[in-house]
Amino acid sequence: MIAALDIQVTKTAKSKINEIDFNNLPFGKYFTDHMLEVDYANGEWQKPVIRPFQNLSLSPALSAIHYGQSIFEGIKAYKDRDGHPFIFRPYDNFRRFNISAERMMMTTVPEELFIEGMRRLIDLDRDWIPMKSDYSLYIRPFMFATDDTIGVHASEKYKFMILLSPTGPYYSAPMRIYVEDKFTRAARGGVGFAKAAGNYGGSMMATAVAKKRGFDQVLWMDAYEHKYVQEIGTMNVFFVIGNKVITPDLESGTILEGVTRDSAIEVLRQEGYEVEEGPVHIDDLVRAFEAGELKEVFGTGTAATISMIKELQYEDYTMKFNTDTWKAAPAVRRILMDIREGRRADTHGWMFKV
Ligand code: COI
């Protein structure tokens, strides 16, 4: 165990920051000057290091590569109007990270290592946090198994790392979504609630097929009946029906417990919307659409923030929406952006000062 977080810091000899066009930041393409790295071995966490961003040298027998013990998180840092850096809800991602670790039979990461390690790294690379609205510094903590034997068992060694990537909006335009009727993402008893790397690998074929048909992403349905809505690609999903907002509940363990999902629920309730978490049946959505009651559909996620859905394709039935007239999704988007960028008081205690 680490008493007070002692980090060995090696700074880069030459910053890359002037090579980056901060007006053009595709998601995940650029990384800051430094990264955090720490190994777990012999039953304990070793001394963390912050060093220049660089390649790793790893055994080809690395168990994460062979058996998939690999998890990650997505968090964002912003600057307020005075240029002070803040991280949005890092403790919630920390909690979820260790839930993922436990499900994948991996060691957990101490709070101080996760939070203080992240804070120190961001502090060092604070000049990389974009000041432009809707832009941010995306934080990618991740951990993978580093045993170098190919026996199938939970690894005894792990590497935990944090990378930082300045980024613009993930999806910039309202999206066309295909309601997935063949592939599934997660079943009860599986790892759907964990941010396990394999969940993303397993979803790529469905997304590729949908993209070939002209859609941006898929809306996952439950694994048994293909009737109950789960989540969209990299986002949780919300529907405004009449005056109520509904979103799939987390009881099945097949849906990621999104931090932005939780923030959206709180903001919507504060704005006077009734929000219901429960099973969402596709036939009920179609009926509501036909009755003119299905008013808005939107996704929530750290990378995606709040993304409006302009079209849902269910089998041969198309539901189209005019997003210009929407109220709930734009309100949540604006309020969250204002809190994150320091234009609105953070009454929830979501912003963690670096
Ligand atoms: C996020 O929203 O942070 C994600 O992890 C989704 C995706 C970019 C993998």
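Order of appearance sets the numbers: ligands from 1, and atoms from 1 within every ligand.
- The only member of E231, E180, Q230 that meets side chain to side chain donor-acceptor pair (under 3.5 Å) when paired with R185 is E231.
- Heavy-atom contacts of A303 reach the following atoms of ligand 1: 1 (C), 2 (O), 3 (O), 8 (C) (cutoff under 4.0 Å).
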Would you tabulate the side-chain donor-acceptor contacts of residues 273-280 under 3.5 Å, counting partners in other chains and residues two or more places apart, or write 'none'?
unit_1: E276; atom_1: OE1; unit_2: K244; atom_2: NZ; d: 2.8
unit_1: E277; atom_1: OE1; unit_2: R261; atom_2: NH1; d: 3.3
unit_1: E277; atom_1: OE1; unit_2: R261; atom_2: NH2; d: 2.7

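- From the protein, the heavy atom lying nearest to atom 7 (C) of ligand 1 is T234 CG2, 3.8 Å.
- K211 has no carboxylate O lying under 4.0 Å from a charged side-chain N of D216, or vice versa, which leaves the two without a salt bridge.
- Counted by atom type alone, Q313 and T318 present one or more donor-acceptor pairs between their side chains at under 3.5 Å.
- Proximity of R140 to ligand 1, defined as any heavy-atom pair under 4.0 Å, is confined to the side chain (atoms from C-beta onward).
- For ligand 1, the atoms closer than 4.0 angstrom to any heavy atom of F27 are 8 (C).
- Contact annotation: E73 has no heavy atom less than 4.0 Å from any atom of ligand 1.
- Ligand 1 places these atoms under 4.0 Å from at least one heavy atom of Y200: 9 (C).
- Hydrophobic clustering of Ile, Leu, Val, Met, Phe, Trp and Tyr side chains at less than 4.5 Å, counting indirect connections, keeps I122 apart from L163.
- Interface atoms of ligand 1 facing Y138, defined by a heavy-atom separation under 4.0 Å, are 1 (C), 3 (O), 4 (C), 5 (O).
- Remark: I17 CD1 to F22 CZ distance equals 4.5 Å, nearest 0.5 Å.
- For atom 4 (C) of ligand 1, the nearest non-hydrogen atom of the protein is K195 NZ, 3.4 Å.
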